[in-house]
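Structure first, commentary second.
Both ligands and their constituent atoms are indexed starting at 1 by order of listing.
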Amino acid sequence: MTTSVHLLLFREDLRTRDHRALRAATDLAHRHPDTTVLALYVLDEETEGIRPLGGASRWWLHHSLVELQESLENLGIPLFFARGQGTASVASLSAPLGVTHLHWSRRYTPPERSADAALKTWAKSQGIEAHSYAGHLLHEPWEVSPASGDFYKVFTPFWKAISAQGFREPYGAPEPLTQNPAALSQEVRKQCAALLSLEELDLLPTRPDWSGGMKQRWTPGEKGALAACNEFVDGNLEGYARERDFPAAPSTSFLSPHLRFGEISPATVLYRVGRSISVMTTDATRFATEVGWREFCWHLAFHHPELHEKEFRAEWSHFPWGKADNPENKELFHAWCRGLTGVPLVDAGMRELWETGYMHNRVRMVVASYLTKNLLLDWKLGEKWFWDTLVDADLASNPANWQWVAGSGADAAPYFRIFNPVTQGKKFDEEARYIKRWVPELAHLSAVEIHRGAEQGYGVLAPDYPSPLVDLKLSRQEALAAYSDWK
Ligand SMILES: Cc1cc2nc3c(=O)[nH]c(=O)nc-3n(C[C@H](O)[C@H](O)[C@H](O)COP(=O)(O)OP(=O)(O)OC[C@H]3O[C@@H](n4cnc5c(N)ncnc54)[C@H](O)[C@@H]3O)c2cc1C
């Protein structure tokens with residue numbers, strides 16, 4: 001090995017463009033030829049507080065890593081894999097390789113930050129230089145605060161403060177190094193027996209392989225992310241503000257899983273969309289605001305530990321949510337998960353989720369409201385199900401949105417705002433195209449019959465479709481009564 005060995009840790013930044021850590025290490029290597037750059041992905045399911053990935057995310061991660069490995073090799077950098085407690089894995093690999101520098105992109109939830117702080121402390125104790133960089137967000141959460149000095153709990157002033165600063169130009173991919181990745185890979189493997197192949201991380205489902213619908217629907221990886229971004233900017237961006245709420249037509253960007261795994265940075269997306277709010281079209285401004293919601297959710301996750309386990313507003317931890325340990329609730333929850341509630345829009349959404357790992361945003365709000373209000377079940381049950389089944393499930397947007405719908409979140413919808421899934425269906429899926437696509441038991445009916453049946457029942461018109469789990473009007477009243485008693 002050379003005198004300087006730079007080890008890049010990849011986590012939720014699976015890209016080569018607009019990647020400051022990669023840029024810093026390769027810039028140094030170009031200036032100082034006596035430098036080796038290596039890359040490592042550790043599947044960390046052991047560090048306390050770090051949430052193991054759900055099944056759909058694991059599937060995505062595998063495919064994203066396949067592409068990252070290839071892209072890094074084209075830059076001359078071999079990517080290695082390991083499994084275990086993050087700091088311990090890096091420590092055990094660094095000594096035999098003579099690592100002198102570590103580089104990584106920052107993470108933002110409290111357990112991840114503690115793990116990275118521990119890694120920095122360990123590196124210092126070994127005389128290893130450790131450098132962390134921004135990249136997953138537009139701004140570091142500690143750089144954005146209101147005049148009061150606390151943190152933003154309301155979206156509008158938060159976004160006003162951030163968007164006023166404009167969107168920076170992203171960095172391009174670095175120039176390839178002259179290193180030979182294959183030779184380096186062999187040399188490193190000889191010295192580190194603990195390294196695994198990507199297959200050995202065992203991320204893909206096998207028994208059974210339920211990923212067919214996701215394979216058809218998505219192209220994980222940086223190339224897929226850039227293609228999705230370009231396709232959106234050149235196509236559906238025009239009309240986004242008007243069309244984004246209608247689930248039957250593909251009018252949104254579908255960038256969420258790509259952003260979640262850091263295959264594209266939010267800075268790249270916004271720079272491509274318009275650089276500055278002041279010169280953006282209405283459609284671009286609306287889209288940028290949605291990316292702003294992602295940023296806001298991370299802001300909340302940074303400031304509120306365990307957003308997925310604890311209500312943002314503490315008083316809500318005493319709300320009488322139904323838990324799954326009660327057998328009756330268990331049945332309701334299972335019917336919701338499987339898309340067998342007898343409410344067409346809810347069932348369509350839950351089946352889209354199961355098949356593709358994705359659900360349209362409007363429908364996510366409807367199914368979340370149905371679970372927490374009509375079924376009166378704990379939002380954490382729904383959050384966990386989404387965590388396991390969404391390809392874009394993340395530690396910020398998922399719990400923050402669940403809490404937003406449930407009423408316990410920052411800047412949340414008030415609890416008494418209960419989405420009526422029938423009215424939502426009529427308004428946003430008037431021709432019932434989305435419902436027919438995902439609920440084949442109703443596909444032979446007209447849109448009028450579908451929307452009417454959602455209120456009155458289908459009877460002989462759709463004998464294979466389940467009857468409603470609960471009466472929508474009655475369950476709404478019960479939810480409001482529970483809220484009023486609790487208050
Ligand atoms: C109950 C519930 C759970 C959710 N869980 C997640 C999740 O785990 N991960 C996730 O990325 N989004 C989540 N969302 C937000 C939203 O539904 C998805 O981001 C959106 O549907 C992704 O599709 P898109 O990329 O085509 O969105 P677009 O409409 O094209 O929006 C562009 C980007 O803005 C961001 N964005 C849009 N809406 C929101 C929002 N409400 N909150 C935060 N970011 C947003 C996403 O990064 C998205 O890719 C959730 C929403 C609800 C109601």
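Assignment of Trp387 to the shell around ligand 1 is not supported, since no heavy atom sits closer than 4.0 Å.
Close N/O approach between Arg244 and ligand 1 is not found [any backbone or side-chain N/O within under 3.5 Å]. Close N/O approach between Phe254 and ligand 1 is found [any backbone or side-chain N/O within under 3.5 Å]. Considering backbone and side-chain N/O of Asn361, one or more are found under 3.5 Å from N/O of ligand 1. Distances between N or O atoms of Phe287 and those of ligand 1 include no value under 3.5 Å.
Numbered from 1 in the order shown, with element, the atoms of ligand 1 that lie under 4.0 Å from a heavy atom of Ala393 read 8 (O). Ligand 1 places these atoms under 4.0 Å from at least one heavy atom of Met365: 53 (C). Atom numbering of ligand 1 starts at 1 in the shown order; those under 4.0 Å from a heavy atom of Trp293 are 40 (C), 42 (N), 43 (C), 44 (N). The atoms of ligand 1 that sit less than 4.0 Å from any heavy atom of Leu259 are 47 (O), 49 (O). Close contacts of ligand 1 with Tyr358, meaning ligand atoms under 4.0 Å from a residue heavy atom, involve 21 (O), 22 (C), 23 (O), 24 (P), 26 (O). Atoms of ligand 1 lying under 4.0 Å from any heavy atom of Leu255, numbered from 1 in the order shown and given with element: 25 (O), 49 (O). The distance from ligand 1 to the heavy atoms of Phe386 drops below 4.0 Å at these ligand atoms: 1 (C), 3 (C). Shown in contact with Leu390 at under 4.0 Å from a heavy atom are these atoms of ligand 1, numbered in order with element: 5 (N), 8 (O).
For Arg452, the side-chain contact (heavy atoms from CB on, under 4.5 Å) partners at least two apart in sequence or on another chain are Val448, Glu449, Gln456.
Sorted by first and then second residue, the side chain to side chain donor-acceptor pair (under 3.5 Å) pairs involving residues 467-482 (not counting sequence neighbours) are Asn374-Ser475.
Between Asp394 and Arg260 there is no salt bridge, since none of the side-chain N atoms of the basic residue sits less than 4.0 Å from a carboxylate O of the acidic one. The pair Lys436-Glu441 does not count as a salt bridge, with every side-chain nitrogen at least 4.0 angstrom from each carboxylate oxygen.
If you take CZ on Arg244 and CG on Asn361, they are separated by 6.0 Å, rounding to the nearest 0.5 Å.
Between Trp404 and Met365, the closest side-chain pair of non-hydrogen atoms falls below 4.5 Å.
Atom CD of Glu430 has 12 or fewer heavy atoms from other residues, nucleotides or ligands within 6.0 Å.
The heavy atom nearest to atom 19 (O) of ligand 1, out of those in Pro247, Ser251, Ser256, is found in Ser256. Nearest-heavy-atom check against atom 34 (O) of ligand 1 across Arg260, Glu290, Arg364 picks out Glu290.
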* **salt bridge (charged side-chain N to carboxylate O under 4.0 Å, His left out) evaluation trace for Asp18 with Arg168** => CA-CA 11 Å; Asp18 201 38; Arg168 70 169 171 84; 2.9 Å; yes

